[in-house]
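We number each residue from 1, following the sequence as shown.
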Amino acid sequence: MKTIAALQAGVTAAAPFDGEPTDAELDAIDREMPLILADVDLLDAQIMTIDRTPTELDERRIRRARRRVLAVRRDLTNTRTAGAVA
């Protein structure tokens, strides 16, 4: 069997990767943290009803979590749009 290997080094030199996020990436995570937390709450509410029939309380919890996700997405979108216009 013949081995296939790269005969040349990479064409473009990549910056050394130190495994840590950049400041810009950390800022983006901080901006999106409310959405991440709202998504986690929605998943928690959905996971609780996987193996059983949802009760009225479960349905309300899921509906409330969905509304929160949508509200946070709306707020993030409006913030980005307002920043682009200004």
Side-chain angles (χ1 to χ4, degrees):
M1 182 190 277
K2 205 179 208 184
T3 351
I4 300 174
L7 300 177
Q8 299 175 348
V11 177
T12 56
F17 180 67
D18 63 357
E20 297 294 324
T22 63
D23 289 340
E25 291 170 333
L26 289 174
D27 289 341
I29 292 170
D30 283 341
R31 278 191 307 274
E32 293 183 8
M33 188 54 71
L35 178 58
I36 294 167
L37 295 175
D39 281 333
V40 169
D41 288 343
L42 175 58
L43 284 172
D44 285 343
Q46 291 171 333
I47 287 170
M48 288 178 11
T49 61
I50 284 178
D51 59 346
R52 62 184 167 91
T53 304
T55 64
E56 185 178 334
L57 181 62
D58 293 330
E59 290 174 1
R60 275 192 254 163
R61 185 178 292 127
I62 291 170
R63 204 169 36 246
R64 192 178 318 119
R66 278 191 187 125
R67 286 185 192 138
R68 182 172 170 227
V69 167
L70 291 174
V72 172
R73 283 184 184 168
R74 180 198 62 219
D75 294 343
L76 281 174
T77 302
N78 288 341
T79 303
R80 287 184 195 139
T81 305
V85 172

(message) Within a 6.0 Å radius of atom CD on E25, are there more than 12 heavy atoms belonging to other residues, nucleotides or ligands?
(response) yes
(request) Decide if atom CG of D23 counts as having more than 12 heavy atoms of other residues, nucleotides or ligands within a radius under 6.0 Å. (result) no
(message) To the closest 0.5 Å, what do you measure between CE (M33) and CG (L76)?
(response) 12.0 Å
(request) Supply the atom-to-atom distance I36 CD1 to I29 CD1, rounded to the nearest 0.5 angstrom. (result) 6.5 Å
Enumerate donor-acceptor pairs with a distance under 3.5 Å from any side-chain N or O in residues 61-74 to protein atoms, sequence neighbours excluded.
residue	atom	partner	partner atom	Å
R61	NH1	D58	OD1	3.2
R68	NH1	D41	OD2	2.3

